[in-house]
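Reviewing the structure listed below.
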Number of protein chains: 2
Amino acid sequence: MNPNVFDDPRITAVGLLFEVHAGLSARFAAQLDEHGLSAVEFEVLTRLSRSPGNQLRMTDLAAQTSLSTSGVTRVVDRMERDGLITRRACPSDRRSSYAVVTPAGLQRLDESLPGHLQLIEDWFTGQLDPAALNALLDGLRQVRDAVHPCATAGSSGATGATNSAVC
Amino acid sequence: MNPNVFDDPRITAVGLLFEVHAGLSARFAAQLDEHGLSAVEFEVLTRLSRSPGNQLRMTDLAAQTSLSTSGVTRVVDRMERDGLITRRACPSDRRSSYAVVTPAGLQRLDESLPGHLQLIEDWFTGQLDPAALNALLDGLRQVRDAVHPCATAGSSGATGATNSAVC
DNA sequence: CAGCAACTATAGCGGCGGCAATATTCCCCC
DNA sequence: GGGGGAATATTGCCGCCGCTATAGTTGCTG
């Protein structure tokens, strides 16, 4: 084993990306924790709030987060217990149920969002001048388009309607 | 709540970064799974193999991975059970113990590394022309230097010696 | 040299999340 | 109109990991 394989530029590139992700994640989690939210709970709140009627079917919510359907069931359990969201029966399909944000959930999001945006600016977007930031984002966009799960999720075209709203 | 907050360029920027991370992580995990390794186990193997003597104290291993010390204890338990690494008593300090890679561990790493590198090239570094890649990496480096945990770990200067080896 | 604070590794406990199984409902095709 | 396959949400079971307490060790300090 040649020890210098670890100096391979490919390794250092992903190392860089992952370190940035880890650093940002940690700071986000710390700030969200001050508002009694975990990272996934914040994302659930965000996804629901940007959806029409502040609601989403459980399956669609799972598709938009990086959670399995059972994971969504559990996080919705917790947040419903905390009064942040509620389940509502779907009128057109009795298998489905909606997760809908409560006023308390919206308020919690309002409280935590400004600090979150400030954190992004302080530790990420504000660290680079506009040109460098654009170059970074362009590169990320290009990689994202290649590696994005939606590009490979074309196995069953039946769910295309919901996926089209996501991607 | 103005729904357009979510179009804030800061939100989309982190969304991009996190999507790329999630996509790459998923593909890495799938490939490593073919070799019977999880992502953390692969990282442990990597960190140990690039260290002098193919070994590291448990605490230092925890510092280099994003695991707590108890997390390191458990992952070393599993990998020791699988014959990938071994514990060795530290001669100079009877509190410490080394985790050291076994030949089987090195072989496992050798088997999985080429595919891993290929994956990085296919889905990340190979997606951009050299100039764009350099711009991306420069931006990441700048953000990393700002957000890196080591920059904030200066609360107790006593551990500076070990940290200096990491950063 | 005695005592004390810091450090190191580990074990118990609890939360979180994925996989597979299950019950219910829907849709399509005969 | 009825039967079979797909979709949806949930639950049980399990593994992973962080927090905290614990035991052993070290070094400093009075």
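Per chain, numbering begins at 1; letters A, B, ... match sequence-line order. Everything numeric here is computed off the predicted structure, so don't read it as measured data.
- Of the candidates D:dT10, C:dG18, C:dA9, the closest approach to any side-chain atom of B:Thr59 belongs to C:dA9.
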Anything under 3.5 Å between a protein N or O and an N or O of nucleotides 26-28 of chain C, put it in a table, one pair a line.
residue, atom, partner, partner atom, Å
C:dC26, OP1, A:Arg94, N, 3.1

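- Contact annotation for B:Thr73: base contact, defined as any heavy-atom pair under 4.0 Å involving a base atom.
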Tabulate below the donor-acceptor pairs under 3.5 Å that side-chain atoms of residues 113-122 of chain B make, not counting sequence neighbours, or state none.
residue, atom, partner, partner atom, Å
B:Gln118, NE2, B:Asp122, OD1, 3.0
B:Glu121, OE1, A:Arg10, NH1, 2.8

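- Atom P of nucleotide D:dT10 and atom CZ of A:Arg81 are separated by 15 Å, given to the nearest angstrom.
- For B:Ala39, the side-chain contact (heavy atoms from CB on, under 4.5 Å) test picks out no residue, with sequence neighbours left out.
- We find that CE of B:Met58 is positioned 18 Å from P of C:dC7, with the value rounded to whole Å.
- Protein atom CD of B:Glu80 is 14 Å distant from nucleotide atom P of C:dA9, rounded to whole Å.
- One axis for each end of the helix from C:dC1-D:dG30 to C:dC30-D:dG1, each built from five base pairs, and the angle between them comes to 10° at 10° resolution.
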Item to complete: Could you check B:Leu45 against B:Ile85 for side chain to side chain contact (heavy atoms under 4.5 Å, CB included), going step by step and ending with a plain yes or no?
Response: CA-CA 8 Å; B:Leu45 235 37; B:Ile85 62 186; 4.1 Å; yes
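- Between the P atom of C:dA9 and the CD1 atom of B:Ile85 lies a distance of 13 Å, rounded to the nearest Å.
- Here the C1' atom of nucleotide D:dC17 and the CD atom of B:Glu43 are 14 Å apart, to the nearest Å.
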Side-chain atoms of residues 97-104 of chain B: list all donor-acceptor pairs with protein atoms under 3.5 Å, sequence neighbours left out, distances to 0.1 Å.
residue, atom, partner, partner atom, Å
B:Thr102, OG1, B:Gly83, O, 2.7
B:Thr102, OG1, B:Leu84, O, 2.8
B:Thr102, OG1, B:Ala104, N, 3.4
B:Thr102, OG1, B:Gly105, N, 3.1

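- Counting any heavy atom pair closer than 4.0 Å across all strands shown, B:Thr65 reaches no nucleic acid atom.
- Residues passing the side-chain contact (heavy atoms from CB on, under 4.5 Å) test with A:Thr65 are A:Glu43, A:Val44, A:Arg47, A:Leu61, A:Leu67, A:Val72, sequence neighbours excluded.
- Residues that satisfy the side-chain contact (heavy atoms from CB on, under 4.5 Å) test with B:Asp33, not counting sequence neighbours, are absent from this structure.
- Every residue meeting the side-chain contact (heavy atoms from CB on, under 4.5 Å) condition with B:Thr73, not counting sequence neighbours, appears here in chain and number order: B:Met58, B:Asp77, B:Arg87.
- Within the 4.0 angstrom heavy-atom criterion, only backbone atoms of the sugar-phosphate kind lie near A:Ser96; the bases stay farther away.
- Taking a 6.0 Å sphere around CZ of A:Arg141, one finds it holds more than 12 heavy atoms contributed by other residues, nucleotides or ligands.
- Each of A:Ser68 and B:Ser97 was matched to the nucleotide of DNA chain C holding its nearest heavy atom; the match closer to the 5' end belongs to B:Ser97.
- Taking atom CZ of residue B:Arg78 and atom P of nucleotide C:dA11, one finds them 14 Å apart after rounding to whole Å.
- At whole-Å resolution of the value, CG in A:Asp33 and C1' in C:dG15 are 14 Å apart.
- If you measure from atom CG of A:Asp77 to atom C1' of C:dG17, you get 13 Å, rounded to the nearest angstrom.
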Give each protein N/O atom lying under 3.5 Å from an N/O atom of nucleotides 12-14 of chain C, with the pair distance.
residue, atom, partner, partner atom, Å
C:dG12, O6, B:Arg74, NH2, 2.4

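- Under the salt bridge (charged side-chain N to carboxylate O under 4.0 Å, His left out) criterion, A:Asp82 pairs with no residue, sequence neighbours left out.
- Annotation: salt bridge (charged side-chain N to carboxylate O under 4.0 Å, His left out) contacts of A:Arg78 (sequence neighbours excluded): A:Glu41.
- Each side chain to side chain donor-acceptor pair (under 3.5 Å) pair with one or both residues in residues 126-137 of chain A, not counting sequence neighbours, would appear here, but there are none.
- Counting non-hydrogen atoms under 4.0 angstrom, B:Val72 reaches nothing in the nucleic acid.
- One finds no side-chain N or O of B:Arg87 lying less than 4.0 angstrom from the OP1 or OP2 phosphate oxygen of C:dA9.
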Item to complete: Take B:Leu109 and B:Phe42 through the side chain to side chain contact (heavy atoms under 4.5 Å, CB included) test and state the conclusion after the steps.
Response: CA-CA 7 Å; B:Leu109 187 57; B:Phe42 178 76; 3.6 Å; yes
